[in-house]
Amino acid sequence: QLDRALQDGFVPAQEKPLVSASKRKSGKSDADGVLVEGEQGLLTQMAGCCKPAPPDPIVGYTTQGHGVTIHRSDCPVILHLPDEKKARLLQASWGGQDSQVFAVDIELTAQDRPGLLKDVGEILAQEKINVVRVNTLSQHDSARMEFTLEVKDIDQLTRFLARAGHVRGMHTARRK
């Protein structure tokens, strides 16, 4: 709150709209829809280690010079935080994020076969999910696929994982 008050006091009024407009253009999650200790609009960013998305339970971690990083409450980084750093944790919750998308990592393992990636791709297209990263590896008739997906919320991700789990030869479909 102190950082926000100081920023409001020192940033000229004509610069404020330019910053917020550029942040909103992307539509991607930069944590604008997160409330930290009940306050919205604080300098926040999503953690790359756990990639939280609504309605995951979340927590904020005060960084040095980079605002507040938003983690999933079950993130290993947060769970194994040294006692002396636990005072830097803040309550966080999801605010309104209607047009935002959130990057999540998933892993699929299946029996390798021709058309496997096409079948997964069709489900992604039907669910209107954008893929921003993919890594596949096939060895000994087994396929392992890792994706970073942009989803609107956990419901969309859950629906995709359930459908992917029913693809012929699929062993596991899970969030990382």
Side-chain angles (χ1 to χ4, degrees), residues 23-36 44-61 63 66-82 85-86 89-176:
K23 287 174 80 175
R24 284 190 179 87
K25 279 183 191 174
S26 71
K28 300 212 178 12
S29 172
D30 54 5
D32 275 349
V34 173
L35 301 174
V36 178
T44 54
Q45 61 188 357
M46 294 296 174
C49 51
C50 58
K51 295 188 176 158
D56 289 337
I58 55 175
V59 64
Y61 179 76
T63 64
H66 299 289
V68 178
T69 301
I70 305 301
H71 291 264
R72 290 189 343 217
S73 296
D74 63 352
C75 177
V77 171
I78 296 300
L79 295 176
H80 297 101
L81 204 59
K85 293 189 177 183
K86 288 186 179 176
L89 293 175
L90 301 169
Q91 290 181 350
S93 61
W94 297 105
Q97 64 279 339
D98 297 333
S99 64
Q100 289 184 321
V101 292
F102 299 86
V104 295
D105 291 333
I106 65 157
E107 179 182 61
L108 306 175
T109 58
Q111 180 178 351
D112 195 18
R113 62 175 173 80
L116 176 63
L117 189 57
K118 179 187 81 66
D119 292 347
V120 172
E122 285 177 357
I123 297 171
L124 289 165
Q126 291 167 357
E127 293 291 334
K128 296 179 175 59
I129 295 175
N130 188 40
V131 177
V132 293
R133 185 187 68 80
V134 63
N135 185 17
T136 64
L137 176 65
S138 295
Q139 286 182 320
H140 311 294
D141 294 329
S142 182
R144 181 170 177 253
M145 299 171 277
E146 296 177 347
F147 294 89
T148 299
L149 308 176
E150 290 181 335
V151 298
K152 295 175 191 166
D153 55 30
I154 294 300
D155 292 337
Q156 185 182 35
L157 177 64
T158 303
R159 222 175 19 257
F160 166 75
L161 291 174
R163 291 184 65 191
H166 288 93
V167 168
R168 184 171 51 94
M170 190 67 64
H171 301 302
T172 61
R174 68 177 185 89
R175 182 176 179 185
K176 289 178 76 177

For [X] and [Y], work out which heavy atoms get closest and say how close.
| X | Y | result |
| --- | --- | --- |
| Ala110 | Leu116 | CB-CD2, 3.8 Å |
| Pro52 | Phe102 | O-CD2, 3.8 Å |
| Ile106 | Leu161 | CG2-CD2, 4.1 Å |
| Gly60 | Val68 | CA-CG1, 3.6 Å |
| Arg72 | Ile78 | O-CG1, 4.3 Å |
| Thr109 | Met170 | O-SD, 3.3 Å |

Rounded to the nearest 0.5 Å, what separation is found between the [atom1] atom of [X] and the [atom2] atom of [Y]?
| X | Y | atom1 | atom2 | answer |
| --- | --- | --- | --- | --- |
| Thr172 | Leu108 | OG1 | CG | 7.0 Å |
| Phe160 | Lys128 | CZ | NZ | 15.0 Å |
| Asp105 | Lys176 | CG | NZ | 6.0 Å |
| His66 | Thr44 | NE2 | OG1 | 14.0 Å |
| Arg174 | Glu107 | CZ | CD | 4.5 Å |
| Thr136 | Arg144 | OG1 | CZ | 11.0 Å |

When you compare the side chain of [Y] with that of [X], does any pair of heavy atoms fall below 4.5 Å?
| X | Y | value |
| --- | --- | --- |
| Lys51 | Met46 | no |
| Phe147 | Ile129 | no |
| Leu124 | Val131 | yes |
| Cys49 | Cys75 | yes |
| Tyr61 | Val77 | no |

Residue pair Ser142 / Asp112, side-chain donor-acceptor N/O under 3.5 Å
no
Tell me whether Gln91 at atom CD has more than 12 heavy atoms from other residues, nucleotides or ligands lying less than 6.0 Å away.
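No, because the 6.0 Å sphere around CD of Gln91 holds 12 heavy atoms or fewer from other groups.
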Please confirm whether the backbone N or O of [Y] pairs with a side-chain atom of [X], one donor and one acceptor, at under 3.5 Å?
| X | Y | result |
| --- | --- | --- |
| Arg175 | Leu157 | no |
| Asp56 | Ile58 | no |
| Gln156 | Glu127 | yes |

Quick check on side chain to side chain donor-acceptor pair (under 3.5 Å): which of Arg168, Arg113, Arg163 does Asp119 satisfy it with?
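Option passing the side chain to side chain donor-acceptor pair (under 3.5 Å) with Asp119: Arg113.
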Given Asn130 and Val101, is the side chain to side chain contact (heavy atoms under 4.5 Å, CB included) satisfied, shown in steps?
CA-CA 9 Å; Asn130 188 40; Val101 292; over 6 Å; no
